[in-house]
Number of protein chains: 2
Amino acid sequence: MLSDQKEYFTGKRQGMGFGNVSERRSAPPQVGVSVVILALGPDDMPEHGATQAESAETGAGTPHSRLWLPLVKRVRQPFLGTWALPGGDLRSDWSLEQSAYSALESTTALHPRYLEQLYTFGGPERSHGGLPMVSVVYWALVGQAEAAHFEDGDNVRWFPEDELPPLAFDHREIIDYALLRLRSKIEYSDVATRLLGPTFTLRQLHGVYEAIAGESLDLANFRRKMLSSGDLEDTGEKVREGRQRPAAVYRYVPQLPAHTGTPHEFDGSGIAAMAKRNERKDVLAALSPSAQI
Amino acid sequence: MLSDQKEYFTGKRQGMGFGNVSERRSAPPQVGVSVVILALGPDDMPEHGATQAESAETGAGTPHSRLWLPLVKRVRQPFLGTWALPGGDLRSDWSLEQSAYSALESTTALHPRYLEQLYTFGGPERSHGGLPMVSVVYWALVGQAEAAHFEDGDNVRWFPEDELPPLAFDHREIIDYALLRLRSKIEYSDVATRLLGPTFTLRQLHGVYEAIAGESLDLANFRRKMLSSGDLEDTGEKVREGRQRPAAVYRYVPQLPAHTGTPHEFDGSGIAAMAKRNERKDVLAALSPSAQI
DNA sequence: ACAAAAGTGTTAAGCATACACCCATGA
DNA sequence: TCATGGGTGTATGCTTAACACTTTTGT
């Protein structure tokens, strides 16, 4: 990741004079932040109409959208030229969340609808010749509309979750873990809504669940379960996705603003500050998760 | 942006002399590790026999054991003299888990039966005049027998979870979060067994669940549920706790060695290394969790 | 009218809960 | 033989899952 490479060179340049290997080994590690950014891919975007119909024909394959994530190409050793997670430094005058938000924003120009600490990775085996590095990793969800821009930059490119290139450091395992967390969390949390826009039809939400869970869910029961949760509010609008009967459009309105399982997330204060700093108040409103551990 | 950031920080670090407050604020924070250590308290230790019977008489109060945790008294500013979580430095030649294990062991001389990363805390608001600090926090469970020693040292003391003294920094919130995680995890994981010894009766296990969940569970149903999980193996032994019929003794034997929700825990390799280093192989065997996220 | 998707109803199976009951043991 | 905890049986209610069915819309 970027921060890994950076620290590597920082150590070299700064001339701290590591006398030998053992001295360097026992020195405290550097810290950085990385982000696994997830968004629904363009495969079966309902907007694209035709794709939807023909993919439904396919017997065996799942006609679901896939998850995509942006990676950045490393411009330094180790792993020069290899794809890696977006990352950056930890600033001590920012919260961890803010640092993660900043890393996300500066590499992808996206604004997440969800941001949560994933895990902190460390240990000697992940340096690969660089300086020892502890990475506080966050994972983020980006809404459909935002992610639709999908402007692959020169050093940033989106990849589907199941067709990842070789990755630097232990970033492959980190991504796998993020996907695991997402798949786990979708069953008892509201994260699915964060991959769509602020409003959505039940069929869209159903599609997200199926895409992420990887199994097909009875639409009728899904509908009932969702509606009985009381967290979906009918906007009154109707939208036609295909050529048939229009579907009701819902908005996610958490009834009990419970915690997500991580501290700091009772409110989105960290995000709020970030959003404010960047004059994007809408992000603020979108980020008030409600779920259980 | 990232490269801007990098140069920025590189320049700052090089001199090592932080000129003023704003420069110090933007410098990268230090990293450390802390541990929330939990064990069942001596309140209603089944071994003590008599206590068990009389506490059952008490109508309103819960006769359950309480959770206790060891705290250390700070010998530096800020918060000099205040109780705080055990902690230590991160060594770059150790895994995070090993560093946590080491911090735990060196302050309490205990060997945990469970160790898992809790969360990483950071941000400017937690310094309180000290250096900016990022704390990778682990939580640990210690078995009944181990914890029974309970030798309060000069600077280490055990406190019951519901009678904590004022704590340094944000350690109170950290502990609360650890308890939240424990209470959440006990419902779908095997963590309860880690608070007892390697073998236990169903009644003992039931007691742990009640103590942690805070609600009373039907013993008959609890028994069925546990046995039907297939993770309990009858050792064939019988033990009398009171003066009545002896109870069967079980051992926890996870059927599917699934993951706990955190990476690195698929095996207890980090712990294994630590245990080996300290010539305590039994710890190794005890640490192979099986649960879900 | 027909096709396709939106949306509702109905029933069976499974699981959790409550609690009645029998069994084993020492005093 | 009695008290106490160990251990089993069973009825009830709720949730889940499966799928048949009705409704709405554009063609």
Side-chain angles (χ1 to χ4, degrees), chain A residues 44-58 63-64 186-188 199-210 213-230 232-250 292, chain B residues 44-58 63-64 186-188 196 199-210 213 215-230 232-250 292:
Chain A
D44 294 281
M45 292 295 221
E47 276 72 46
H48 297 55
T51 328
Q52 184 83 342
E54 63 185 1
S55 60
E57 244 58 61
T58 332
H64 306 308
I186 202 169
E187 305 203 339
Y188 60 92
T199 63
F200 45 84
T201 67
L202 279 176
R203 174 168 279 275
Q204 287 175 323
L205 190 59
H206 178 248
V208 175
Y209 270 81
E210 285 196 337
E215 55 185 353
S216 57
L217 300 168
D218 185 292
L219 186 51
N221 293 330
F222 176 83
R223 159 188 307 280
R224 256 187 301 260
K225 192 174 168 185
M226 282 299 145
L227 292 179
S228 72
S229 78
L232 294 189
E233 184 184 80
D234 193 333
T235 63
E237 301 171 58
K238 302 272 178 189
V239 160
R240 272 203 313 121
E241 299 219 30
R243 309 175 262 293
Q244 290 73 31
R245 176 176 175 181
V249 175
Y250 293 87
Q292 296 162 354
Chain B
D44 295 281
M45 290 296 217
E47 275 72 49
H48 297 56
T51 328
Q52 185 83 339
E54 64 185 1
S55 61
E57 242 59 61
T58 332
H64 306 308
I186 202 169
E187 305 201 340
Y188 61 91
L196 297 168
T199 63
F200 44 84
T201 67
L202 280 175
R203 184 173 205 77
Q204 286 175 323
L205 190 59
H206 178 248
V208 175
Y209 270 82
E210 284 196 339
E215 55 185 352
S216 55
L217 300 168
D218 185 292
L219 185 51
N221 294 328
F222 176 82
R223 159 189 307 280
R224 254 187 303 260
K225 192 174 168 185
M226 281 299 145
L227 292 179
S228 72
S229 78
L232 294 189
E233 182 185 81
D234 193 332
T235 62
E237 302 170 56
K238 302 272 176 189
V239 160
R240 275 202 309 122
E241 300 218 29
R243 309 175 262 292
Q244 290 75 32
R245 176 176 175 181
V249 176
Y250 293 89
Q292 296 163 355

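Treat the numbers as computed from the prediction; the structure is a model and nothing was measured. Just so we're on the same page: letters track the sequence lines, and every chain starts at 1.
Scored by the side chain to side chain donor-acceptor pair (under 3.5 Å) test, A:Arg245 finds no partners at all (sequence neighbours excluded). Remark: B:Phe222 pairs with B:His206, B:Tyr209 by the ring pair (Phe, Tyr, Trp, His ring centres under 6.0 Å) rule, at least two apart or across chains. Evaluation of the side chain to side chain donor-acceptor pair (under 3.5 Å) rule for B:Asp218 yields no partner, not counting sequence neighbours. A search for side chain to side chain donor-acceptor pair (under 3.5 Å) contacts involving B:Arg240 returns nothing, not counting sequence neighbours. The salt bridge (Lys or Arg N to Asp or Glu O under 4.0 Å) check on A:Glu233 picks up A:Arg251, with sequence neighbours excluded.
Taking atom CG of residue B:Leu219 and atom P of nucleotide C:dT17, one finds them 14 Å apart after rounding to whole Å. A straight line from CD of B:Glu241 to P of D:dA3 spans 23 Å, rounded to a whole angstrom. As a whole-Å value, the separation of B:Phe222 CZ from C:dC15 P is 19 Å. Between A:Lys225 atom NZ and D:dT15 atom C1' there is a gap of 10 Å when expressed in whole angstrom units. For the pair B:Arg223 CZ and D:dG9 C1', the computed distance is 13 Å after rounding to whole Å. Distance CG (B:Leu217) to C1' (C:dT17): 11 Å, rounded to an integer number of Å. Between A:Leu227 atom CG and C:dG9 atom P there is a gap of 13 Å when expressed in whole angstrom units.
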**Fill in**
Per-nt protein contacts along nucleotides 19-27 of chain D (heavy atom under 4.0 Å; B base, S backbone sugar-phosphate only, - none) come out as B---BBSS-

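Of all non-hydrogen atoms in A:Leu232 and A:Leu205, the two that sit nearest each other are CD1-CD2, 4.2 Å.
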